[in-house]
S.K.: 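The structure under discussion is supplied below as structure tokens; questions concerning it will follow.
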2 protein chains.
Amino acid sequence: MTRKSEDVGRSTIRDVAARAGVSASTVSRVLGGVYPVSAATRTRVMRAVREMDYVADARAKAVAGVATPTLAFVLEDITGPSFALMAHGVEREATRLGHLCLVCSTEGDVRHELEFVEMMRAQRAAAVILVGGAADTAEYRDRTRRMADSLASAGSRLVLCGRPTLGPGAPVTVIEYDNEGGAYALVAHVLAQGHRRVLFLGGKPDHTTAQGRERGYLAAHRARGLEPDPALLRHGDFTRDAGHRLMRGALKEGLDFTAVVAATDMVAAGALTALHEAGLSVPDDVSLAGYDDIPFARDLHPALTTVHVPYEELGRLAVRTALGRTSETPDEHLLLGTHVVVRDSVAAVGESGARA
Amino acid sequence: MTRKSEDVGRSTIRDVAARAGVSASTVSRVLGGVYPVSAATRTRVMRAVREMDYVADARAKAVAGVATPTLAFVLEDITGPSFALMAHGVEREATRLGHLCLVCSTEGDVRHELEFVEMMRAQRAAAVILVGGAADTAEYRDRTRRMADSLASAGSRLVLCGRPTLGPGAPVTVIEYDNEGGAYALVAHVLAQGHRRVLFLGGKPDHTTAQGRERGYLAAHRARGLEPDPALLRHGDFTRDAGHRLMRGALKEGLDFTAVVAATDMVAAGALTALHEAGLSVPDDVSLAGYDDIPFARDLHPALTTVHVPYEELGRLAVRTALGRTSETPDEHLLLGTHVVVRDSVAAVGESGARA
DNA sequence: CTCCGCTCGGGAACCGGTTTCCATCCATGT
DNA sequence: ACATGGATGGAAACCGGTTCCCGAGCGGAG
């Protein structure tokens, strides 16, 4: 069992050098491109490289100072349409900028997230992007702050994409979208159709995205001098199943409402199905609106009125600002705007609107 | 501008050693865990590590022979629900097995794909997983074969996930699902409902996934002694928009059909919307079926009858077989089964069924 | 009281590259 | 013919780790 070059095929630069009859330095110079090498030598080296199908080990290059820049992104579950959109934006922009992309799904497990960030620090990633909402607890701030500091001290950068901001002074880039504003505009639109009892299917109470959207819901009511019935606020996950369950529950209770605003298109999809199952027609019997404008929103029936969030753009922007930084740049906090897109699922409250 | 340790925080193992008053070898041993080190020394070292927030450079470790195993996956667009599902399976299983995950979207660009595979070879990835269908041309086989060989010679492994097989002898692991069988079962179900003119909304003619599903469509007809009208076969992308466009076209032509089978749930979603727009009711006026069973299929209205494909399982299986290999293991080719899931979008052909 | 062996930790070689420094070689200028 | 200098390419140091090899102390057995 020799450890010669033919072992399994992974040949080193010295193997190539030997075959070309030159030194390793010369091979490196030929491959590097810039250093003057005679045409004859270059040809010989290139032939050897081709014959051995040699590719320099990127890790070794990195140690020697010629690193492949790498960027990491962490999300809860790539399967969620809005996460997928962000991920897509991140990935596209990163590879456009010549970066490799490492990805990690945490499945909502914080320990997993911490572990992964630690690995990224070891990998000397240029930036770590955390995408997707989170609960804004003291523990969250503390933990995230610690990640930011430790990444910063390793010359890397933490980016929060659609996540709660940290306190001032944290070495972090934050790109958010306007949850409250979008929800405000959406609910204002629903109220303008004459609806007065609007059921809100929200997310986890401590989740900042959910909170922002709920604030918008309330603010839109108050701007009209309305105070929504607390019984109209329901909370669950940002999933299709939660929407389905919540809607079914409300229907079974005989809750009185003429419109439903879901905190998420996924939630809206589940709610819509529950409505259909109950024999209700949207928007004739009840109006329904979502949030996110995931690609599927158009193909629900009726097409879902919702709030468009530029998720992909968000991801791209995150990468761009994270990478285009010097240590002098101030920490950034960008807030992207949203707008409501009116489709067919919200109608004026009709005479048939009153349900018991 | 000194290059001392305080430069930007990235401290080396020797910095830690100096601070702890030991040698670099000792620090390495403490961190490594197994080698006997006295409790006192260990404590001193650990304190230094903590104080300096030191993390060993993973690239350097890799060069020294202690690599973080890495696996790469390549797909066209993470935004597609079935790709996302596969990606999720791959990612989960990989991290479960302690591997880092590199990801790349090719946007359908073959050059991009080749470049990326080359980078992965340089990164010494344990395996490269290509997910998602492709056109099965000679050029494809050739190119893919070359990738497989070059990865194999670098001690790494190519995995095809839902992609056309290569010729025998290629160092490749292939995990596929049964397109023909699934389509056969689905179309048989539709025919059993009495439909005789079934519109097929297929994919690109050279795309193997599309071909398999189309073969199933034809075979199901022939098994009943039927020969489908060629006018009922339409081809486009596997996208929502293609489905929408194709359906609109067929409707405008006044094509005669009582059921539609789409090659993809996405296509079915677009078709469904086009049907609704034309004032047609599903399944009362026309039946509709999809393929893939993406999570959203349930929330279409009516809920979509479709073929379930275990995408996530596919991804998991791909990494498991790719990683659990020795050089002795024979090349594998696994074919996963599918089954049709009956929901509400296909009904028996009614008296109202005949459309002009 | 030796001698032996075990525990612990330092020095140096090595992993696979890059880059600095230096020795040649060859072509010019005079 | 001889000094000069640019073009080449080799040897060696270095990047940040790991691990082999070995010597120094220490405790217990004879």
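A, B, ... follow the sequence lines: proteins, then strands. Residue 1 opens every chain. The figures that follow rest on heavy atoms only: side chains count, while hydrogens, waters and symmetry mates do not.
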S.K.: I need the single residue from B:Leu31, B:Val16, B:Thr41 that forms a side chain to side chain contact (heavy atoms under 4.5 Å, CB included) with B:Met46. Which is it?
M.R.: B:Leu31
S.K.: With side-chain hydrogen bond (donor to acceptor under 3.5 Å, both in side chains) as the test, would you mind laying out the steps for B:His333 and B:Glu176 before giving the verdict?
M.R.: CA-CA 8 Å; B:His333 182 180; B:Glu176 277 186 294; 2.9 Å; yes
S.K.: Hey, what are the protein-to-nucleotides 9-12 of chain D N/O distances that come in under 3.5 Å?
M.R.:
{"residue": "D:dG9", "atom": "OP1", "partner": "A:Ser38", "partner atom": "OG", "Å": "3.3"}
{"residue": "D:dG9", "atom": "OP1", "partner": "A:Thr41", "partner atom": "OG1", "Å": "2.4"}
{"residue": "D:dG9", "atom": "OP2", "partner": "A:Ser38", "partner atom": "N", "Å": "3.3"}
{"residue": "D:dG9", "atom": "OP2", "partner": "A:Thr41", "partner atom": "OG1", "Å": "3.3"}
{"residue": "D:dG9", "atom": "N7", "partner": "A:Tyr35", "partner atom": "OH", "Å": "3.3"}
{"residue": "D:dG9", "atom": "O6", "partner": "A:Tyr35", "partner atom": "OH", "Å": "2.8"}
{"residue": "D:dG10", "atom": "OP2", "partner": "A:Ser23", "partner atom": "N", "Å": "2.6"}
{"residue": "D:dG10", "atom": "OP2", "partner": "A:Ser23", "partner atom": "OG", "Å": "2.7"}
{"residue": "D:dG10", "atom": "OP2", "partner": "A:Thr26", "partner atom": "OG1", "Å": "2.7"}
{"residue": "D:dG10", "atom": "N7", "partner": "A:Arg29", "partner atom": "NH2", "Å": "2.7"}
{"residue": "D:dG10", "atom": "O6", "partner": "A:Arg29", "partner atom": "NH1", "Å": "3.2"}
{"residue": "D:dG10", "atom": "O6", "partner": "A:Arg29", "partner atom": "NH2", "Å": "3.1"}
{"residue": "D:dA11", "atom": "N6", "partner": "A:Ser25", "partner atom": "OG", "Å": "3.3"}

S.K.: Rounded to whole Å, how long is the line connecting atom CG of B:Asp57 with atom P of D:dC14?
M.R.: 19 Å
S.K.: Does any N or O donor sit under 3.5 Å from an N or O acceptor when you compare the side chain of B:Arg59 with the base of D:dG17?
M.R.: no
S.K.: Please report the closest heavy-atom contact between A:Asp77 and A:Phe83, naming both atoms and the distance.
M.R.: O-CD1, 3.2 Å
S.K.: Can I get a per-line list of side-chain donor-acceptor pairs under 3.5 Å for residues 159-168 of chain B, giving both atom names and the distance, sequence neighbours left out?
M.R.:
{"residue": "B:Arg163", "atom": "NE", "partner": "B:Gly132", "partner atom": "O", "Å": "2.8"}

S.K.: Can you measure B:Leu31 atom CG to C:dG9 atom C1' for me and round it to whole angstrom units?
M.R.: 16 Å
S.K.: If the threshold is 4.0 Å, N to carboxylate O, is there a salt bridge linking A:Asp15 and A:Arg19?
M.R.: no
S.K.: Looking at every heavy atom in both B:Phe116 and B:Phe73, which two are closest together, and how far apart are they?
M.R.: CE2-O, 4.3 Å
S.K.: For the helix from C:dC1-D:dG30 to C:dT30-D:dA1, figure out the bend between the end axes, five pairs an end, and round to 10 degrees.
M.R.: 50°
S.K.: Please determine, by modelled atom types, if A:Glu91 and B:Ser105 share a side-chain donor-acceptor pair under 3.5 angstrom.
M.R.: yes
S.K.: What's the CZ-P distance between A:Arg10 and C:dC15, to the nearest Å?
M.R.: 14 Å
S.K.: Could you work out, with side-chain contact (heavy atoms from CB on, under 4.5 Å) as the rule, every residue matching B:Ala64, not counting sequence neighbours?
M.R.: none
S.K.: Rounded off to whole Å, could you give me the CZ-to-P distance for the B:Arg14 and D:dG17 pair?
M.R.: 8 Å
S.K.: Under a 4.0 Å threshold between the charged nitrogen and the carboxylate oxygen, would B:Glu312 count as salt-bridged to B:Arg316?
M.R.: yes
S.K.: Could you tell me how far apart B:Arg44 (CZ) and C:dG9 (P) are, to the nearest whole angstrom?
M.R.: 8 Å
S.K.: Does anything in residues 61-68 of chain B come within less than 4.0 Å of DNA chain D? Heavy atoms only, and list the residues if so.
M.R.: B:Lys61, B:Val63, B:Ala64, B:Val66
S.K.: Indicate the atoms forming the closest heavy-atom contact of B:Ala322 with B:Ala127, along with that distance.
M.R.: CB-CB, 4.2 Å
S.K.: Partners of B:Arg121 by salt bridge (Lys or Arg N to Asp or Glu O under 4.0 Å), sequence neighbours excluded?
M.R.: A:Asp53, B:Glu118
S.K.: Can you tell me the distance, in whole Å, between the CD1 atom of B:Ile13 and the P atom of C:dC14?
M.R.: 19 Å
S.K.: Give a yes/no on whether any side-chain N or O of A:Tyr54 is located under 4.0 angstrom from OP1 or OP2 of C:dG16.
M.R.: no
